[in-house]
2 protein chains.
Amino acid sequence: MITRTVPDIVVGRLPRYLQALEHMYREGIKTTSSQELGEAIGISAAQIRKDLSQFGEFGKQGTGYSVAFLVEQLQSILKLTRIWDLALVGMGDLGNALARYQGFAEHGFRITAAFDNDPEKIGKEVAGLIIQDSREMKRIIPSLGIKIAMLTVPASVAQMVAEELVDAGIRAILNYAPISLNLPDDIHVENIDPIIKLQHMTYYLD
Amino acid sequence: MITRTVPDIVVGRLPRYLQALEHMYREGIKTTSSQELGEAIGISAAQIRKDLSQFGEFGKQGTGYSVAFLVEQLQSILKLTRIWDLALVGMGDLGNALARYQGFAEHGFRITAAFDNDPEKIGKEVAGLIIQDSREMKRIIPSLGIKIAMLTVPASVAQMVAEELVDAGIRAILNYAPISLNLPDDIHVENIDPIIKLQHMTYYLD
DNA sequence: TACTGTGAAGTAGTTCACAGCT
DNA sequence: AGCTGTGAACTACTTCACAGTA
């Protein structure tokens, strides 16, 4: 039996489908079509059908997709039927804002540990979390089984801290530092950098 | 004379090249090659050469690229040789963290106006900015010539506020709200949503 | 020698268009 | 009648490989 590898670009669209479908679900919409979903998020209907067909046959000819069923399927595909623990590393303004953001918990992500290297911050509480010494990451992260980290440290130390995280067993990093991380190929990194996004947009402005 | 349109995917990589090159510049590196730059950011050398060739011939055979010159060229291509004014809309935790972030100013982006609709927040100062009533956006944004907005309002009002911004003359929106905005085709939108990124990564974890 | 810039080749991604089902 | 799922066609993107040049 051959297990076809799904292109990463397809995987990257699934969360957007899920977001739109959850919104429909909250609105009480029971059924949708690839057409309607596509219009909601600006993607062609054929694209959506093709993407979903990589994982199974979720629709019904003539009627489309059950919103609730497709939400379930996407959650299952994306492994969202469990709670994911997160480590938050770097408790500056951004780290603090993320600690307080309710969206993580609402989507099954639980910030379980927060770290900083500043003695002034260590021991302080933010949103129910006690900030811990980043020198303890190697011990605490494996003991809590945390696999995902959000990195909100200054660019100057981001590479070093990222390596420590990998050493502590982290497999995926959401990188807020404005620098490219160089890590082993089996570590998944996603970057969030507003400057990069703004510079992309200015190209089109005058 | 035909002006070839550069693919958006190429434009999107230019800021990453620029980021790495500015880093090299600060490190005192005078010259680099497509090979070296590619290794720094995990992109093939051929890709970088092809991308740059869309805009001109910036390298020298045998020696590679002058870091300072290529930084200048990329800044020029991306229209970064001027200050861009930004409107910050929504002064919750995230809006506050962005208001205090030094990175914008360091890269030629100046947050010139901050808005919220909460009477408790209006008139307060954050990082040298007075928070203004969002009902004033239509008047203030054109008067300051602001073309770019960062949207950090709750998802429930994001679409409505985005439409008001477009109405006020905004041409590009950096959208932090966890929702797809539906706006005219000539408005550039970039989304920053940590949940979407995390859900992308969980696919690969177990 | 060491690199760029670039056609050509190769690979990946998207859209078309329609059979088939409800 | 209305929609999905999917091969086939098409388009876009990336890599190869090498002529050209400092």
Side-chain angles (χ1 to χ4, degrees), chain A residues 2-18 20-21 24 29-74 77 185 200 203, chain B residues 2-18 20-21 24 29-74 77 185 200 203:
Chain A
I2 32 163
T3 310
R4 261 206 304 162
T5 296
V6 177
D8 182 64
I9 195 166
V10 173
V11 177
R13 281 192 291 264
L14 301 184
R16 301 184 53 205
Y17 300 164
L18 180 56
L21 287 160
M24 287 178 184
I29 297 166
K30 301 294 186 207
T31 294
T32 190
S33 63
S34 57
Q35 176 85 41
E36 185 182 50
L37 180 55
E39 279 165 11
I41 55 182
I43 288 182
S44 79
Q47 177 90 86
I48 290 172
R49 294 202 303 279
K50 194 69 144 186
D51 285 354
L52 295 177
S53 77
Q54 301 265 354
F55 300 95
E57 307 197 354
F58 305 127
K60 282 196 177 55
Q61 281 133 326
T63 56
Y65 302 91
S66 154
V67 171
F69 178 70
L70 194 47
V71 164
E72 269 174 31
Q73 293 300 308
L74 287 170
I77 291 163
D185 286 348
H200 185 165
Y203 176 82
Chain B
I2 31 164
T3 308
R4 261 207 302 162
T5 296
V6 176
D8 182 64
I9 195 166
V10 173
V11 177
R13 280 191 293 262
L14 301 184
R16 301 185 53 204
Y17 300 164
L18 180 56
L21 288 160
M24 287 177 183
I29 298 167
K30 301 292 186 208
T31 294
T32 190
S33 63
S34 56
Q35 176 85 40
E36 186 183 48
L37 180 55
E39 278 164 12
I41 55 182
I43 288 182
S44 80
Q47 177 90 87
I48 290 171
R49 294 203 303 279
K50 195 69 145 185
D51 285 355
L52 295 176
S53 76
Q54 300 266 353
F55 300 95
E57 308 197 354
F58 305 126
K60 282 194 176 57
Q61 281 133 327
T63 55
Y65 303 90
S66 153
V67 171
F69 179 70
L70 195 47
V71 164
E72 270 176 29
Q73 292 301 308
L74 287 170
I77 292 163
D185 285 348
H200 184 164
Y203 177 81

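Residue numbers begin at 1 in each chain, while the letters A, B, ... track the order of the sequences.
When every heavy atom of B/Y17 is checked against every heavy atom of B/L37, the shortest pair comes out as O-CD1, 4.3 Å. In plain terms, the two heavy atoms of A/H200 and B/P15 that are nearest each other are N-CG, 3.8 Å. Listed here is the closest heavy atom pair of B/I41 and B/A20: CG2-CB, 3.7 Å.
B/T63 meets the side chain to side chain contact (heavy atoms under 4.5 Å, CB included) test with B/K60; sequence neighbours excluded. For the side-chain hydrogen bond (donor to acceptor under 3.5 Å, both in side chains) test, no residue two or more places apart in sequence or in another chain qualifies with B/S33. For the side-chain hydrogen bond (donor to acceptor under 3.5 Å, both in side chains) test, residues two or more places apart in sequence or in another chain that qualify with A/T32 are A/E36.
A 4.5 Å side-chain heavy-atom check between A/T31 and A/V67 finds every atom pair outside the cut-off.
When distances run from any side-chain atom of B/Q61 to the nucleotides D/dG5, D/dT21, D/dG2, the shortest one goes to D/dT21.
Within residues 42-52 of chain B, the residues approaching DNA chain C are B/R49, B/K50, by heavy-atom distance under 4.0 Å.
Separating the CD atom in A/E57 from the CZ atom in A/R49 is a distance of 13.0 Å, to the nearest 0.5 Å.
Between A/S33 and D/dC3 there is no side-chain N or O to OP1 or OP2 distance below 4.0 Å.
Rounded to whole Å, atom P of D/dT4 lies 16 Å from atom CD of A/Q73. The CG atom of A/D8 sits 15 Å away from the C1' atom of D/dC13 (whole-angstrom rounding).
Mapping A/V10 and B/G62 onto DNA chain C by nearest heavy atom places B/G62 closer to the 5' end of the strand. Nearer to the 5' terminus of DNA chain C, by closest-nucleotide assignment, is the contact made by A/R13 (compared with the other of A/R13 and A/T63).
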- Message: Would A/L52 and A/L70 count as a side chain to side chain contact (heavy atoms under 4.5 Å, CB included) here? Give the steps.
- Response: CA-CA 10 Å; A/L52 295 177; A/L70 194 47; 4.0 Å; yes

- Task: Take B/Y65 and B/L21 through the test side chain to side chain contact (heavy atoms under 4.5 Å, CB included) and record every step on the way to the result.
- Result: CA-CA 10 Å; B/Y65 303 90; B/L21 288 160; over 6 Å; no

- Task: Could you please spell out the steps behind the side chain to side chain contact (heavy atoms under 4.5 Å, CB included) verdict for B/V10 and B/F55?
- Result: CA-CA 11 Å; B/V10 173; B/F55 300 95; 4.2 Å; yes

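Each end of the helix from C/dT1-D/dA22 to C/dT22-D/dA1 gets its own rotation axis from five pairs of C1' atoms, and the angle between them is 10° to the nearest 10 degrees.
For DNA chain C, the span of nucleotides reached by chain B at under 4.0 Å from its heavy atoms goes, 5' to 3', from C/dA2 to C/dA8.
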